[in-house]
Amino acid sequence: MISRVTQQTLQRSTLANLQLNLTKMSTLQQQMSSGKRITKPSDDPSGISTALSLRSEQRATGQYSRNIDDGLGWLSTSDTAMQSAVTQLRQARDLTVQAGSGALNAAGREAIATQIESVRDGLLTTANSSYQGRNVFAASSSASAAFGPGYTWTGTPGDSLDRRIAPDTTVRADADGSAVFGNGSSSVFALLDSIAADVRAGTSTGPRLTQIDDKINAMLGELSGVGARTNRMTDAQGVISQKLQDLQVGISGIEDVDLTATIVDLQSQEVAYKGALGATARVLQPTLMDYLR
């Protein structure tokens with residue numbers, strides 16, 4: 001059976017095709033202006049799912065990058081402080097050697113003892129170094145300084161400030177102040193107090209040199225650990241930076257438009273639309289004169 005095609009049927013069909021053509025042109029123009037191929041889930045359900053997964057991984061990787069930046073800030077501050085501490089303690093050792101020469105009078109011994117105490121004060125300032133308002137040698141402590149009255153360490157034994165640099169990897173960002181400087185009566189500060197007292201009293205300071213060397217070696221050991229953790233974070237930083245670039249490329253490959261192809265498609269669609277308009281002008285709204293021809 002042959003369906004009857006009326007003028008109204010033809011009109012509706014033609015307008016529907018024109019509207020479809022305009023919709024395609026609008027979509028292409030929106031893609032060109034936004035630079036995005038996917039603007040809503042219905043544009044590409046499979047692609048949007050992959051893009052969301054990549055963006056989730058990108059956010060997590062970005063957090064690891066920020067953790068590394070923060071961790072490197074802590075480690076750099078600790079490294080600088082410990083290198084300064086080693087230099088100051090070596091200066092105290094030289095003064096101790098000088099005091100043990102036996103050629104000093106009371107005034108000379110007093111001068112050296114005062115210098116040793118000055119080194120102690122400098123070491124105490126170094127030991128109380130902070131990063132972003134927190135003590136680098138007692139990071140978990142809420143105290144205003146890593147070492148309080150009596151040279152007591154205010155940190156918590158066994159505690160550490162860790163930074164996650166991968167889903168299953170953390171790196172310590174702080175340094176154990178008690179391991180670097182000692183604690184209380186066994187601290188390097190108390191040792192320098194004792195040396196200053198020996199110098200004033202004219203007591204032999206020879207035995208103190210071994211104690212100073214032990215403190216220097218302890219500092220160097222901790223400094224080595226900080227250097228190793230810094231290298232580990234720096235290596236991870238390079239890997240994460242590359243991963244962030246790769247993720248961005250992957251997301252762009254899914255969401256961004258191929259500008260050249262989109263321009264060609266739009267031009268083709270415009271040609272088709274103009275052709276449809278021309279055809280429509282011929283078939284719609286016929287007049288009596290059209291029939292008489």
Side-chain angles (χ1 to χ4, degrees), residues 52-90 122-148 151-184 187-189 215-251:
L52 288 173
S53 177
L54 289 175
R55 285 192 177 281
S56 176
E57 187 175 358
Q58 185 184 49
R59 286 192 295 272
T61 305
Q63 183 60 58
Y64 298 144
S65 179
R66 290 189 290 274
N67 291 347
I68 289 175
D69 289 341
D70 182 67
L72 287 174
W74 279 87
L75 290 170
S76 176
T77 303
S78 299
D79 181 89
T80 300
M82 280 192 276
Q83 290 194 45
S84 175
V86 169
T87 299
Q88 292 175 83
L89 199 50
R90 283 173 174 162
L123 272 173
L124 193 55
T125 299
T126 299
N128 287 327
S129 297
S130 63
Y131 178 73
Q132 295 185 342
R134 299 178 64 182
N135 301 306
V136 296
F137 294 109
S140 62
S141 172
S142 60
S144 60
F147 290 87
Y151 311 130
T152 302
W153 182 56
T154 59
T156 302
D159 197 10
S160 64
L161 187 144
D162 300 329
R163 289 290 177 263
R164 186 167 297 280
I165 63 172
D168 56 353
T169 305
T170 59
V171 176
R172 182 172 186 172
D174 67 321
D176 187 338
S178 62
V180 178
F181 299 98
N183 189 10
S187 68
V188 65
F189 319 112
K215 294 296 184 182
I216 292 175
N217 290 333
M219 287 183 182
L220 291 175
E222 293 297 316
L223 186 58
S224 176
V226 167
R229 297 199 297 276
T230 299
N231 289 337
R232 189 177 179 187
M233 280 198 174
T234 301
D235 291 342
Q237 188 179 46
V239 172
I240 285 178
S241 178
Q242 183 61 51
K243 185 176 181 180
L244 284 172
Q245 292 180 27
D246 294 342
L247 287 169
Q248 187 58 51
V249 169
I251 292 171

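Distance check, rounded to the nearest 0.5 Å: OH of Y151 to CG of L124 gives 7.0 Å. Here the straight-line distance linking atom CZ of F147 with atom CZ of F189 works out to 5.0 Å at 0.5 Å rounding. The structure places CG of L244 at 5.5 Å from OG1 of T61, a figure rounded to the nearest 0.5 Å.
The backbone N or O of S160 lies less than 3.5 Å from no partner atom in the side chain of D174, so there is not a single donor-acceptor pair. Looking at T77, its side chain does come within 3.5 Å of a backbone N or O of G73 through a donor-acceptor pair. Of the possible donor and acceptor atoms, none in the side chain of R163 sits under 3.5 Å from a partner among the backbone N and O of I68. With hydrogens and angles disregarded, no donor-acceptor distance shorter than 3.5 Å links the side chain of N135 to the backbone of F137. A donor-acceptor pair under 3.5 Å is absent between the side-chain atoms of D70 and the main chain of R66, judged by distance alone. Counting only distance, with no hydrogens or angles, the side chain of T126 and the backbone of G122 share a donor-acceptor pair below 3.5 Å. In this structure, the side chain of T169 does not engage the main chain of I165 through any donor-acceptor pair within 3.5 Å. S84 places no side-chain N or O within 3.5 Å of a backbone atom of T80 that could act as its donor or acceptor partner. Counting only distance, with no hydrogens or angles, the side chain of Q58 and the backbone of L247 share no donor-acceptor pair below 3.5 Å.
Nearest heavy-atom pair, W74 versus R134, reported as atom, atom and distance to 0.1 Å: CH2-CB, 3.5 Å. For the residue pair V226 and A175, the shortest heavy atom distance occurs at CG2-CB, 4.4 Å. Closest heavy-atom contact between P157 and G155: CD-O, 3.8 Å. Shortest non-hydrogen contact noted between A146 and A127 is CB-O, 3.6 Å. Across every non-hydrogen atom of A145 and T154, the tightest pair is O-OG1, 2.8 Å. Nearest heavy atoms, L75 versus A173: CD2-O, 3.4 Å.
Looking at heavy atoms from C-beta onward, Q83 lies in side-chain contact with L223 at the 4.5 angstrom threshold. No side-chain heavy atom of M233 sits less than 4.5 Å from a side-chain heavy atom of N67. Put simply, the side chain of V180 does not reach to within 4.5 Å of the side chain of D176, judged on heavy atoms. Residues D79 and T230 fail the side-chain proximity criterion, which asks for heavy atoms closer than 4.5 Å.
Between T170 and D162, the side chains place no donor N or O within less than 3.5 Å of an acceptor N or O (distance only, hydrogens not considered).
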Would E222 and M219 count as a side chain to side chain contact (heavy atoms under 4.5 Å, CB included) if you check the C-alpha gap in whole Å, the side-chain angles of each, and the deciding distance to 0.1 Å?
CA-CA 5 Å; E222 293 297 316; M219 287 183 182; 5.9 Å; no
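Sorted by first and then second residue, the salt bridge (charged side-chain N to carboxylate O under 4.0 Å, His left out) pairs with a member in residues 225-249 read E57-K243; sequence neighbours excluded.
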